[in-house]
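Small disclaimer: the values here were computed from a predicted structure and weren't measured.
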Amino acid sequence: MKPLSRKLLMPAVATALMLAACGPSPAPAPTAPAPEPTTAPPAATPAPPAVVDDLSRIRASGTLSVGVSADYPPYTFYNSDFQIDGFEPALINDLAGRIGVKADLNDFAFDGLADALQLGQVDAIIAALSVTPERSELVDFTNVYYIGADAVLGRANATPVRTVSDLARRRVGVQRGSVYATYLQRNLVEPGLSSPADIFQYSDINAAVRDLQDGKLDYVVLDRLPARTFAENSNNSLVVVAENLNPQRFAIAVRKGSNLRAALNDALLKAQNEGKVADLIEKYLGIAKDEIEPVPPPEPEPTPTPVPPGPTPTPAPAPCANGARFVADLSVPDGTQFQPGQAFRKGWRLQNSGNCDWAASFFLGFAFGNTPAAQMGGQPTRVGRIVPPGQTADITVNLVAPGLPGTYQGFWQMHDANGTPFGERVWVQIVVPGAPTPVPPPPPTPVPGISFSANPAVIAQGQCTTFSWSVQGVQGVWFFPQDQPWQNYGVPGVSSQQVCPQQTTTYFLRVQFNDGTVRQQQITITVTPAVSGPVIERFTADPTQITLGQTVNIQWKVSGNVTRIALLRNGAPIWDGAPTTGSYNDVPQSVGSVTYAIQAFGAGGQAVQTSRTVIVGDPGSQPPVINAFRVEPTQITPGSCVQISWDAGGGTTLVRIYRNYIVETELAIDGTQVQGSGLQDCLPPDATGQVGYRMLAFNAQGQSVSRDVVVTITMPAVPLR
């Protein structure tokens, strides 16, 4: 694959630091004022930077410290043995050997690579960096080691594409797992220019081109040569609408003035002449040697123009730069075994290797892992105190072992108060051993007044289960998964909910009775591995209530070993051979309920399915309308009461009012009582914070609208003595 270029983010701090890398010049001796010149002097030519002798130090130590960012396959990534691998690590290892040293690869947050170079944590950076004039003012680049070319394929009548932003909000096809998928994610989805459902990821690029011809896509991003071939063989139905949206000229970055640049250039030239670079491109990037874009010959080194001595302005003090260095694991050595669902704590000791303080709001956050489950439920953890340069901080994260057997490695990195990552990455690696065939857990011990069940309690990965419960006459009910704050998961007293956990997970039903007592029941859903099979990570159909003639948007994401995906409406296929990630707009043709389903097939006949139901109303019937919903007063003290009034109209046939959006206040009114007032609700004496009230209005077709009011509970003022 020929990837599109990756941007090097150079914040203002790093820019100023690199410009000051050579250190301040000595102040000039005072001189007598010069006579006023009669003509303007010629512009001074900037003095070349002083030579930085990195090479002697590197050869003396025998090690070339290299900064990489191992989240960008196929350039740099962690392989199945959890070792840094890829085209660029293989290349820099070869070049280091030609210099006579060994490359020491250090994985950094990409945004922190520039600061790591300036702070001396690394001697060079190889991270798919494109050479630009702006970057060349900040670092010295070696000769180019790789040039790539991309293309955008469209139908014959497609709108021309000039920049990547022209693809925003368009349906764009791309090969799953390719660098193009990463490029579109970072340049369209993450900035908010496109939604994730706008990027259609295919296991086979030929399927993407087929769907482009069928009108299911607007564009396909792929390599330039295949794009031209598809266009030539399409009977003029497809055209290449763009090439080189982001031309790539990748080179290695070193400090300004470093003599390491010349040594790397000599080694690179030998590797190119011997065909070693072409071998690595073919091995890692999948490009045949006769299709590799030729690299232009290196330009001769410019000869510095001597400049007459003169006053040199004293540079402004450089702002500080953030840095982080791994010191030690505090717990959970690599390879530690944990049982499925077992909670544990992983700790690291990190050193502030920068030259400015870490604020208390700096935090360690999850970066990526060998599987989505490698986050293991971990959440960002703040440093919690000021850490001066050179000092260390111990940071511990609460984790839960995934429910499936396997080895899991999650990578974490430091972030500043603005969420910008920096510093050397750290990781946690655990093993979840295989387990015998799971036995369904016993049902929870019955509690009077509470009915709580799950069917089934043992599922395969990618499948779903349904929880049901019935609780009446209580203050509050919450249904929530393990390791989540129960306060955010309020539910009605009588309801059901479908969940699709990807690993063994325990779910809880928390009930608060009117006397203030709390009872909690739990059911564990055991998830067995779907070996090498497909996993449906997301499947939605929105909105769930429409009138005839309106559109339903369906979105999905499937991972794992997938051979075919089918999208169904009421059991009939509407898109057979769909991409692993994508979206589809459908207009139901009749009133009633419509069930959408996705089927994902894997090797050996494995298949999983998930469905969603949409209610289609008669456009001739009136939708429900809420004219007014009042809860007064909106500020009360604990134990006080509020008065509720409402007014519904349109096609409303049923009104329900809930406290905290979850517990019905025993108000169910038929269509002749869509207006009311005087409903009183008194809150418990220990209630604090905010209480939410929700009104729902339904029509006969099941369509609904809602309105919310928030009441704040304040503590009474304490009189002064």
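The closest donor-acceptor contact from the side chain of Arg325 to the backbone of Ser353 lies at 3.5 Å or more, if one exists at all. A donor-acceptor contact shorter than 3.5 Å is absent between the side chain of Lys102 and the backbone of Gly62.
Under the 4.5 Å side-chain criterion, counting only non-hydrogen atoms from C-beta, Ile126 is in contact with Val66. Between Tyr78 and Ile84, some side-chain heavy-atom pair lies under the 4.5 Å cut-off. Under the 4.5 Å side-chain criterion, counting only non-hydrogen atoms from C-beta, Tyr183 is not in contact with Gln185. Between Gln429 and Thr336 the shortest side-chain heavy-atom distance does not fall below 4.5 Å. Side-chain contact check for Leu260 versus Leu64: some heavy-atom pair is nearer than 4.5 Å. Side-chain contact between Phe363 and Pro380 is present, with heavy atoms from C-beta onward closer than 4.5 Å. In this structure the side chain of Ile395 reaches within 4.5 angstrom of the side chain of Val383, judged on heavy atoms. At least one side-chain heavy atom of Asp85 sits less than 4.5 Å from a side-chain heavy atom of Tyr284.
Residue Tyr145 holds its OH atom at 13.0 Å from CG of Asn265, rounded to the nearest 0.5 Å. The distance from atom CG of Leu268 to atom CG of Leu91, rounded to the nearest 0.5 Å, is 6.5 Å. Remark: Gln413 CD to Leu364 CG distance equals 8.5 Å, nearest 0.5 Å. To the nearest 0.5 Å, atoms CH2 (Trp358) and CZ (Phe422) are separated by 5.5 Å. Between the CD1 atom in Ile92 and the CG atom in Asp104 there is a gap of 12.0 Å [rounded to 0.5 Å]. Between atom OG1 of residue Thr420 and atom NE2 of residue His415 there is a gap of 8.5 Å, rounded to the nearest 0.5 Å.
Between Tyr75 and Phe250, the ring planes are perpendicular. Angles over 60° get that label, and only those under 30° would be called parallel. Using a 30° and 60° split on the angle between ring planes, Tyr146 and Phe87 fall in the perpendicular class, above 60°.
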Given side chain to side chain contact (heavy atoms under 4.5 Å, CB included), test Val240 with Leu153 step by step and report yes or no. CA-CA 5 Å; Val240 175; Leu153 198 62; 4.0 Å; yes

Decide yes or no on salt bridge (Lys or Arg N to Asp or Glu O under 4.0 Å) for Asp329 and Lys346, but give the supporting numbers first. CA-CA 8 Å; Asp329 288 306; Lys346 170 66 178 183; 2.9 Å; yes

Could you walk me through whether Val139 and Phe141 pass side chain to side chain contact (heavy atoms under 4.5 Å, CB included), step by step? CA-CA 6 Å; Val139 299; Phe141 280 109; 3.7 Å; yes

In sequence, state the C-alpha distance, the side-chain angles, and the governing distance for Asp140 and Arg261, and then conclude on salt bridge (Lys or Arg N to Asp or Glu O under 4.0 Å). CA-CA 7 Å; Asp140 279 350; Arg261 176 179 181 271; 5.3 Å; no

Kindly indicate, with the supporting measurements, whether the criterion salt bridge (Lys or Arg N to Asp or Glu O under 4.0 Å) is fulfilled by Asp266 and Lys270. CA-CA 6 Å; Asp266 289 341; Lys270 292 177 182 177; over 6 Å; no

Please determine whether salt bridge (Lys or Arg N to Asp or Glu O under 4.0 Å) holds for the pair Arg228 and Glu243, giving the CA-CA distance in whole Å, both sets of side-chain angles, and the decisive distance to 0.1 Å. CA-CA 10 Å; Arg228 290 176 176 177; Glu243 290 185 354; 2.8 Å; yes

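Counting non-hydrogen atoms of other residues, nucleotides and ligands closer than 6.0 Å to CH2 of Trp427 gives a total of 12 or fewer. Open room surrounds CZ on Arg382; 12 or fewer heavy atoms of other groups in view lie less than 6.0 Å from it. Residue Ile386 places its CD1 atom among 12 or fewer non-hydrogen atoms of other residues, nucleotides or ligands, all under 6.0 Å distant.
Here the closest non-hydrogen pair linking Val254 and Ala124 is CG1-CB, 4.0 Å. For Gln375 against Leu399, the heavy-atom pair with the smallest separation is O-CD2, 3.5 Å. Summarising the geometry of Tyr219 relative to Thr159, their closest heavy-atom pair is OH-O, 2.7 Å, with the distance given to 0.1 Å. Shortest non-hydrogen contact noted between Leu264 and Ile252 is CD1-CG2, 4.2 Å. Closest heavy-atom contact between Ala168 and Ser194: CA-OG, 3.3 Å.
Counting only N and O atoms by type, the side chains of Ser65 and Asn106 include a donor and acceptor under 3.5 Å apart.
Between Arg57 and Asp54, at least one side-chain nitrogen of the basic residue sits less than 4.0 Å from a carboxylate oxygen of the acidic one, meeting the salt-bridge criterion.
Aromatic ring centroids of Phe411 and Phe366 lie 6.0 Å or more apart.
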